[in-house]
Undergrad: 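What follows is a structure written as structure tokens; I'll ask about it next.
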Amino acid sequence: MTAPLVFEEVPLAKAPRASVAALPGADLTLAGRFSLTVRPHETVAVTGDELSGVDFLGGLALGLEEPAGGRVLTLGEQVTLLSRSAQLAFRRRVGYLPAGEGLLQNLTLRDNIRLPLRFGSDFRQKDIEGRVDVIVAQLRLTRVADLRPAEANAEDRRRAALGRALAFDPELVIAEDPFEGMTERTSAELLEAARGGETAEGGRRTVLVTGPGLPGLLRTRVDRAVRVVRGVVEEGR
Amino acid sequence: MIGFLAAIGRWTARGLASIGALARFAFDALASVGTLPGAGRRVAVRVLLNQLRFTALEAVGLIVLLSGVLSYLTISSTVAQLDQVGASELIGQLMVVVIVRELGPLLTALAIVGRSGTAITAELATNTVMGEVRALKGMGIDPYHYLVLPRLIGCVVSVAVLMIVFDVVAVAGGYLAAATIGGMSAARYMGIVVSNLTTQDVVLTVLKGFLFGAVVGVIPAYEGLSVRRGPTEIPQAVIRGTVGSITAIFIFAALIVGATRA
């Protein structure tokens, strides 16, 4: 089975090239280049401070940024080699929760979740509404779904942003700093929603989480936790 | 001396690079029509209708006021003098050449730059700073489709329609002035105006509507999406968008006058 996400020898932009090294036993290797394979159904957290370059991983995986070297394979594709319209169509196969949520401020939380489905699918209106209702209920947004982001609290905004990322029920979810400012309980809830339930192989979806740290409660809930500190990459447990 | 020439060279190169980037942006925006997905078309049309409401419908009052006052002032201050020298027929030329063909398009476009161009730059710059543009790309929505194209088409249609409103109100306002001050009859006034109106005037006016509308749609959007550093850059982007649009409108107006007189 193809690994949903592969970083091969990619220099992380903010990390000084020579200082990136791997610890023994990790599949993160060598000589200033970042390599990581996220296997199907796996939940991997890659954490590091702002100089580590981990905040570039989401953009690299989605082809929003061009890697300075190496290659990035997302669902088996090098996204940056696709045409502009093919890139856009491809990204609908991946759930993306950007840092800071990126919710459209002039839309309600429900409309934010609805937008990718209305823009990028040929589903009937009734089916879209059904799917949005399920996501809203699943992420416990029913009470606040008709508020705009500025009227909602940080937790509800984060839930809505995750709901938007899950709109197409993607097989791969990439979440940038999804737990920032959240309680451990909410973080665990968000992670479970991103995983989409359990299968015999692991989570129903493959999940990559990036950010400065991982709440304590979640350390036991991810399959691998990888830390990048001051350009030095290490694999956790 | 060499330093001075080098500075001129750098300034010129920067200017040309900016114009090139702007042209590329405008081309990409137009080309994106061809890649708009079927489902996205319905969403984009809804954004377009919103844009038409903000840019055209809600600006009608302002345009009627500007046009009415301008035409009344222009005609009232000239009709008495023209009558004294027996040249009241020139009122038609004045109305058609000065107001309908030149000032109408120019003032309409400037009013829309001030009203909607600034709003477009501020909104898109905020979208960029808040990470909304990146999020759109990340979920497979082209910002050209969702943000730029509806605003561009909305501005082109709005400026063209508002220009017609401006000209109609200007002609009516001119009559009001000619009738109350110069005692001119409606039939004579309309006869003079219509006899001075050529097909070329109508074509040029419509052409300017589309061209100026495109300027108001493209430059503010380009400046809004060019913001990189953060919220403090938003006012600067609004200034660049407004000044750039006004400058482009005046340059195009001068070029059109030059081309039609050549």
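Naming: A, B, ... by sequence-line order, numbering from 1 per chain. Note that this is a predicted model, so its numbers are computed, not measured.
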Undergrad: Any idea which of B:Thr35, B:Leu136, B:Asp142, B:Leu36 has the most non-hydrogen atom pairs under 4.5 angstrom with chain A?
TA: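 Most heavy-atom pairs under 4.5 Å with chain A: B:Asp142.
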Undergrad: Considering only heavy atoms, which portion of A:Ile128 lies under 4.5 Å from any heavy atom of chain B: side chain, backbone, both, or neither?
TA: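 Neither part, no heavy atoms under 4.5 Å.
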Undergrad: In terms of heavy-atom proximity below 4.5 Å to chain B, should A:Tyr96 be classed as side chain, backbone, both, or neither?
TA: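 Contact with chain B is through the side chain of A:Tyr96 alone.
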Undergrad: Treating A:Arg205 as the side-chain partner and A:Val173 as the backbone partner, does any N or O pair qualify as donor plus acceptor under 3.5 Å?
TA: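 Checking the backbone N and O of A:Val173 against the side chain of A:Arg205, no donor-acceptor pair under 3.5 Å is found.
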Undergrad: Check the surroundings of atom CZ in A:Phe123: do more than 12 heavy atoms from other residues, nucleotides or ligands lie under 6.0 Å from it?
TA: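 Incorrect, the count does not exceed 12.
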Undergrad: Looking at B:Arg134, B:His145, B:Met139, B:Arg41, which makes the most heavy-atom pairs under 4.5 Å with chain A?
TA: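 Ranked by heavy-atom pairs under 4.5 Å with chain A, first place is B:Arg134.
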Undergrad: So which part of A:Leu64 gets closer than 4.5 Å to some heavy atom of chain B, the side chain, the backbone, both or neither?
TA: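 A:Leu64 touches chain B through side-chain heavy atoms alone.
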Undergrad: Please report the shortest heavy-atom distance between A:Leu162 and A:Leu190, naming the atom on each side.
TA: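 For A:Leu162 versus A:Leu190, the nearest heavy atoms are CD2-O, 3.4 Å.
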Undergrad: Any side-chain heavy atom of A:Val209 sitting closer than 4.5 Å to one from A:Pro178?
TA: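 Contact flag for A:Val209/A:Pro178 side chains = yes.
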Undergrad: Do B:Tyr144 and A:Arg84 come within less than 4.5 Å of each other through their side chains, counting heavy atoms only?
TA: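 When only atoms from C-beta onward are counted, A:Arg84 and B:Tyr144 do touch, with a gap below 4.5 Å.
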Undergrad: Using heavy-atom distances under 4.5 Å, tell me whether A:Arg93 contacts chain B through its side chain, its backbone, both, or neither.
TA: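 Neither part; nothing is under 4.5 Å.
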Undergrad: What part of A:Glu176 is in contact with chain B, defined as an atom under 4.5 angstrom from a non-hydrogen atom: side chain, backbone, both or neither?
TA: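 Side chain of A:Glu176 only, per the 4.5 Å heavy-atom cut-off to chain B.
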Undergrad: Using side-chain heavy atoms (C-beta onward) and a distance below 4.5 Å, is A:Val222 in contact with A:Val44?
TA: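 They are not in side-chain contact.
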Undergrad: Measuring heavy-atom distances to chain B, does A:Gln105 have an atom under 4.5 Å in its side chain, in its backbone, in both, or in neither?
TA: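 For A:Gln105, heavy atoms of backbone and side chain both lie under 4.5 Å from chain B.
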Undergrad: Looking at B:Pro37, B:Ala39, B:Gly38, B:Ala44, which one has more heavy-atom pairs under 4.5 Å with chain A than the rest?
TA: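 The candidate making the most pairs under 4.5 Å is B:Ala39.
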Undergrad: Minimum heavy-atom separation for B:Leu162 to B:Ala56, with atom names?
TA: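 Between these two residues, the closest heavy atoms are CD2-O, 3.7 Å.
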Undergrad: Would you mind checking which part of A:Pro98 comes under 4.5 Å of any heavy atom in chain B, side chain (CB onward), backbone (N, CA, C, O), both or neither?
TA: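 Interface part for A:Pro98: side chain.
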